[in-house]
Novice: 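One structure is given below, represented as structure tokens, and several questions about it will come after.
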Amino acid sequence: MFLNVVVKRLLIAVPTLLALTIILFLMVKAIPGDPAQLLLGDKATPESLQQVREELGLNKPIAVQYGIYLYNLVVNFDMGNSISSQEPVISLIGDKFPATIELSVMAILFAMLVGVPIGLIAASRPGSFVDFTSMSTAVFGVSMPVFWLGLILMWIFGLALGWLPISGRLGIDYYYEPTTGFLLFDSLFIEQDIEMFRDALAHLILPAITLGTIPMAFLARITRASMLEVLQQDFIRTAKAKGVTFWKIYLVHSFKNASIPITTILGLQFGTLLAGAIITETIFSWPGMGNWILSSVNARDIPALEGGVIAVAAAFVLINLVVDVLYRLIDPRIRLS
């Protein structure tokens, strides 16, 4: 059953990613600038520019260029070389993606550990002062501009109080040779350096809170709404009539049934964090995918830009697949259908 679901979702993902590559390829071609000129510099001769265009296939029709790109991507798993660094794009993605995943995981953990309890507390006393305060906090979180929140947190906890670092993944006192690329894991289990782990964790706190504030607010609101809806169901009234305690009804029966929309928001928000961490990574000088994609746009580094966007989109599709599988684990009715 689960294998069939996975296969069906993967088959649906193929045309989605194919359409993405077509749209992305056409949009990138519309960006002003000559990749050959960017590669050789301003003093390049017309002959050398023409030679590079022929080597890169830039003098071919767009349809042919796309066919070559798609063939290299699917058959050879080759995204080309970065114009800026001349390194393979696939290697750069392997270097940058772990930093973004680590930041996004910490951000979604913050959102879940704060947002879900706020929603539960608000739904337990609808219309009360606690409910009003909780939902006001959620609205404030949704309305908060990410760049403004990041700068405020940097000023308060980094500059004024000096409690937390405000940029990078690791302090200058530590040397880090990536193994898996996940700094927390490498520092704790590979390097076995608890001080490096603490420093890496301290560097994560401010960007994770900044990135996770909006998902936290969404989770709080959807948790409250889902709980209030479930609490009106007949089986809840039956449980109350049988004398089941309030907290058992609330945390066991109601929360389990309300967890499906919460899982949906968690999955979608995590995918959004992977794709939308550009502002947060730029503010905190975080060496992840968002910062790298923005640098690629500024440098007109087309292969890096294409590879970065495709990698993020593929991760988003994978996350949606995981959410679909979780549906069937949480609710037997979906599993049977």
Side-chain angles (χ1 to χ4, degrees), residues 82 84-114 146-216 270-299 301 304 307-308 311-312 315:
S82 168
S84 302
S85 64
Q86 290 301 299
E87 296 180 61
V89 171
I90 193 68
S91 298
L92 293 173
I93 292 174
D95 293 338
K96 304 294 183 182
F97 223 142
T100 296
I101 293 175
E102 196 170 59
L103 174 59
S104 299
V105 168
M106 291 297 292
I108 205 67
L109 282 176
F110 163 77
M112 182 174 61
L113 294 176
V114 177
V146 173
F147 68 90
W148 184 83
L149 176 62
L151 293 175
I152 291 297
L153 291 177
M154 290 170 65
W155 179 70
I156 294 175
F157 296 101
L159 300 178
L161 299 176
W163 291 353
L164 296 168
I166 61 174
S167 65
R169 294 182 75 191
L170 199 62
I172 60 175
D173 297 332
Y174 299 96
Y175 173 76
Y176 170 60
E177 186 67 33
T179 302
T180 66
F182 297 97
L183 185 50
L184 293 180
F185 180 87
D186 287 351
S187 60
L188 191 59
F189 296 104
I190 306 298
E191 301 290 337
Q192 296 183 349
D193 188 338
I194 190 64
E195 294 301 324
M196 182 187 292
F197 174 80
R198 290 174 179 170
D199 188 75
L201 186 61
H203 279 78
L204 261 172
I205 293 175
L206 290 184
I209 292 175
T210 301
L211 189 61
T213 297
I214 292 179
M216 178 270 293
F270 184 64
T272 303
L273 293 182
L274 288 176
I278 294 177
I279 297 176
T280 303
E281 290 187 359
T282 302
I283 292 173
F284 291 95
S285 300
W286 192 263
M289 290 291 292
N291 205 348
W292 177 56
I293 290 174
L294 180 61
S295 300
S296 301
V297 172
N298 293 331
D301 192 339
V312 171

Novice: Can you tell me how far CE of Met289 sits from CD1 of Ile101, rounded to the nearest 0.5 angstrom?
Specialist: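 That separation rounds to 9.0 Å.
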Novice: Mind checking the CD1-CG spacing from Ile108 to Leu113? Nearest 0.5 Å is all I need.
Specialist: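 The CD1 atom of Ile108 sits 10.5 Å away from the CG atom of Leu113.
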Novice: Does Asn291 use its side chain to pair, donor to acceptor, with the backbone of Trp286 at less than 3.5 Å?
Specialist: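 At least one qualifying donor-acceptor pair exists.
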Novice: Nearest 0.5 Å, please: how far is CG in Asp301 from CD1 in Ile293?
Specialist: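 The distance works out to 11.5 Å.
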Novice: Which distance, rounded to the nearest 0.5 Å, do you find between the CD1 of Ile205 and the CG of Leu153?
Specialist: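 If I round to the nearest 0.5 Å, the distance is 11.0 Å.
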Novice: Take Thr213 and Phe110 through the test side-chain contact (heavy atoms from CB on, under 4.5 Å) and record every step on the way to the result.
Specialist: CA-CA 8 Å; Thr213 297; Phe110 163 77; 4.3 Å; yes
Novice: Please name the pair of heavy atoms, one in Ser187 and one in Phe197, separated by the smallest distance, quoted to 0.1 Å.
Specialist: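 Closest heavy-atom pair between Ser187 and Phe197: OG-CA, 3.3 Å.
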Novice: For the residue pair Phe182 and Glu102, what are the closest heavy atoms and their distance?
Specialist: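 Residues Phe182 and Glu102, closest heavy atoms: C-OE2, 3.4 Å.
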Novice: Applying the side-chain contact (heavy atoms from CB on, under 4.5 Å) criterion to Met154, which one of Ile283, Leu164, Leu149 satisfies it?
Specialist: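 Result for side-chain contact (heavy atoms from CB on, under 4.5 Å) with Met154: Ile283.
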Novice: Atom CG in Leu151, atom CG in Leu206: separation rounded to 0.5 Å?
Specialist: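 Interatomic distance, Leu151 CG to Leu206 CG, rounded to 0.5 Å: 11.5 Å.
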Novice: Can you tell me how far the CG atom of Leu184 sits from the CE atom of Met106, to the nearest 0.5 Å?
Specialist: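 The CE atom of Met106 is 6.5 Å from CG of Leu184, to the nearest 0.5 Å.
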Novice: If only atom types and distance count, is the side chain of Asp186 paired as donor or acceptor with the main-chain N or O of Gly181 below 3.5 Å?
Specialist: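 Yes; at least one donor-acceptor contact below 3.5 Å.
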